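The structure displayed is predicted, hence computed values, not measured ones. What you see below is based on every heavy atom in this structure, not just the backbone, and it leaves out hydrogens, waters and symmetry mates.
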Amino acid sequence: AAAEARRHLTPRHIAMETRHWLVLSDADVAWTREQSGRLERTHAEFRRVMRRLGIEPEPLRHKLVCVLFEQRDAYRVFARRADAVVAEWVAGYYSPAADRTVFYRADANPSVVAARARLAELEGDLANIEARLLDARRRGDVAHARRLEAQRDAWHEHLGGEARRINAFTDEVGVATVVHEATHQLLFHTGVQSPMAPPPIWISEGMATSFETDDTTAAFGPDHEHPIRRDRFRELLADGSTLIPLRQLVAWDRVPADDPAVIDALYHQSYALTMWLFRTRRPQLRTFMLEIRDAPPRTDADRVAAFERAFGPVERLEMLWLRWERRSG
């Protein structure tokens, strides 16, 4: 996997090894080391959670491969040419065929770049206020200077809040993406999911999203909420019109279309469902995951049948789950 990745990379990608990963990165050493640490923390929390679920993950037979990019454009070229990944919204991915995870630095996320450009414009407005304040003081216009001082202070507070919001978003996206895709990689490499056929998309993405966090120094996984995912699911639940019927959701083995609304609902419903099953039906969840690993379902009907063998009739479980969500929300 490492040799195959290197075929598509330039000499700027330098190798950094941890206990469980070989990381190929063209970014600075400090940032690369930080992501490497997050990968290792994901490995530790993944094994802890699987044991709580009653599944003993197999030890890794070799180090896993992760490719990091400083710039989004270079990432997009690699993703398209090496792995045929073209979705614009994807900030990172795991390629089972190539056996590697791939990410770009969250600072290069288009939303972050646009937000920081707007922040720079606001800082220019603040500089203009500062210049006018200096002029008022020189002219001895005390009243006008006081008004400008108040305006300047308000701008300082606003800019500080915006900068903190942008930094928090950048950190959240960066950490969550690394953890999410590393979880996919670990599910396959520890034998929790079968490489013979794709698992139902809801459990694949439900497990990956349930591990998302913005702080890998604390425990994380389906026994700990990720507020951003939870808040968005509550919005979808309150609206109701965009929720995917559970019978339809559990039948899919892939994202069905490049429809942002469907993708949004799929990821957040899968998150909430997996969290609920881990809390309230852990033995059944274990049974389900072992069954689809040992006898992978290959059709929509097979996936629904496997779900109902573990959890009972789909419509009844859907009613109980959503009732619980509405009461706890």
Side-chain angles (χ1 to χ4, degrees), residues 1-2 16-23 32-68 92-96 98-103 172 174-196 198-226 229 267 270-294 296 310:
M16 178 181 290
E17 293 194 43
T18 69
R19 183 178 178 186
H20 298 106
W21 265 271
L22 170 62
V23 180
T32 301
R33 185 175 290 117
E34 186 177 37
Q35 309 323 303
S36 301
R38 288 166 176 166
L39 291 170
E40 289 295 337
R41 283 288 297 133
T42 304
H43 177 269
E45 289 300 291
F46 177 83
R47 298 190 73 85
R48 177 187 68 80
V49 167
M50 288 302 113
R51 286 167 177 156
R52 284 203 69 190
L53 187 56
I55 298 175
E56 183 61 34
E58 297 172 5
L60 297 178
R61 290 174 297 151
H62 53 75
K63 293 185 178 185
L64 308 181
V65 175
C66 175
V67 181
L68 301 177
Y93 61 90
Y94 168 56
S95 170
D99 196 15
R100 57 177 171 248
T101 51
V102 185
F103 316 97
E172 194 281 328
V175 178
T177 301
V178 170
V179 172
H180 181 113
E181 302 305 338
T183 300
H184 281 309
Q185 196 172 26
L186 289 167
L187 283 164
F188 285 103
H189 273 279
T190 60
V192 176
Q193 288 183 345
S194 170
M196 304 306 294
I201 191 69
W202 76 267
I203 191 62
S204 178
E205 297 304 337
M207 272 292 161
T209 53
S210 75
F211 276 90
E212 288 179 359
T213 180
D214 59 2
D215 179 12
T216 55
T217 64
F220 56 94
D223 46 0
H224 294 79
E225 284 283 4
H226 184 42
R229 289 287 183 192
Y267 275 76
S270 298
Y271 166 83
L273 177 60
T274 301
M275 297 286 285
W276 182 70
L277 292 172
F278 188 88
R279 289 171 174 168
T280 67
R281 285 161 174 73
R282 198 171 302 170
Q284 295 94 321
L285 180 59
R286 174 184 181 275
T287 297
F288 174 77
M289 292 187 68
L290 292 177
E291 177 180 333
I292 64 170
R293 179 194 68 184
D294 298 338

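- Put simply, the side chain of T18 does not reach to within 4.5 Å of the side chain of L39, judged on heavy atoms.
- Taking every heavy atom of both residues into account, A1 and R100 meet most closely at O-NH1, 4.5 Å.
- Residues passing the salt bridge (Lys or Arg N to Asp or Glu O under 4.0 Å) test with R51 are E56, sequence neighbours excluded.
- Considering all non-hydrogen atoms of both residues, F46 and L187 come closest at CE1-CD2, 3.6 Å.
- Residues S210 and F278 have side chains not in contact (no heavy-atom distance under 4.5 Å, counting atoms from C-beta outward).
- No side-chain donor-acceptor contact under 3.5 Å links Q193 to the backbone of I292.
- Residues that satisfy the side chain to side chain contact (heavy atoms under 4.5 Å, CB included) test with A44, not counting sequence neighbours, are R41.
- Between the side chain of T209 and the main chain of G206, a donor-acceptor pair closer than 3.5 Å is present.
- For R48, the side chain to side chain donor-acceptor pair (under 3.5 Å) partners two or more places apart in sequence, or in a different chain, are E45, D223.
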Next item on the list: Dump the intermediate steps for side-chain contact (heavy atoms from CB on, under 4.5 Å) on L64 and L186, then the final yes or no.
Entry: CA-CA 9 Å; L64 308 181; L186 289 167; 4.0 Å; yes
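- Ring geometry, H184 versus Y94: the interplanar angle falls under 30°, so the pair is classed parallel (tilted spans 30 to 60°).
- Residues I201 and S270 have side chains not in contact (no heavy-atom distance under 4.5 Å, counting atoms from C-beta outward).
- By the 4.5 Å heavy-atom criterion applied to side chains, T42 and F220 are counted as neighbours.
- Residues satisfying the salt bridge (Lys or Arg N to Asp or Glu O under 4.0 Å) test with E40, not counting sequence neighbours, are none.
- Proximity of Y267 to E212: side-chain heavy atoms (C-beta onward) are nowhere separated by under 4.5 Å.
- Ring planes of W21 and H43: perpendicular class, angle over 60° (limits at 30 and 60°).
- Of all heavy-atom pairs between M16 and S36, the closest is SD-OG, 3.8 Å.
- Annotation: ring-ring contact (aromatic ring centres under 6.0 Å, His included) contacts of H226 (sequence neighbours excluded): none.
- E17 meets the side chain to side chain donor-acceptor pair (under 3.5 Å) test with K63; sequence neighbours excluded.
- For R293, the side chain to side chain donor-acceptor pair (under 3.5 Å) criterion is met by no residue, not counting sequence neighbours.
- Of all heavy-atom pairs spanning G221 and F211, the tightest one is CA-CD2, 3.7 Å.
- Under the ring-ring contact (aromatic ring centres under 6.0 Å, His included) criterion, F288 pairs with W202, F311, sequence neighbours left out.
- Looking at F188 and P199, their side chains come closer than 4.5 Å, going by heavy atoms from C-beta outward.
- Here the side chains of T190 and I55 are not in contact, with every heavy-atom distance at 4.5 Å or above.
- Checked against salt bridge (Lys or Arg N to Asp or Glu O under 4.0 Å), E225 has the following partners two or more places apart in sequence or in another chain: R230, R279.
- In this structure, M207 and M289 have side chains that are in contact, with non-hydrogen atoms separated by less than 4.5 Å.
- Under the side chain to side chain donor-acceptor pair (under 3.5 Å) criterion, R38 pairs with E34, Q35, sequence neighbours left out.
- Proximity of a side-chain donor or acceptor of T213 to a complementary backbone N or O of T216 within less than 3.5 Å is not detected.
- With sequence neighbours left out, the ring-ring contact (aromatic ring centres under 6.0 Å, His included) criterion links H62 to H189.
- The salt bridge (Lys or Arg N to Asp or Glu O under 4.0 Å) contacts involving residues 199-211 comprise nothing, where partners must be two or more places apart or lie in separate chains.
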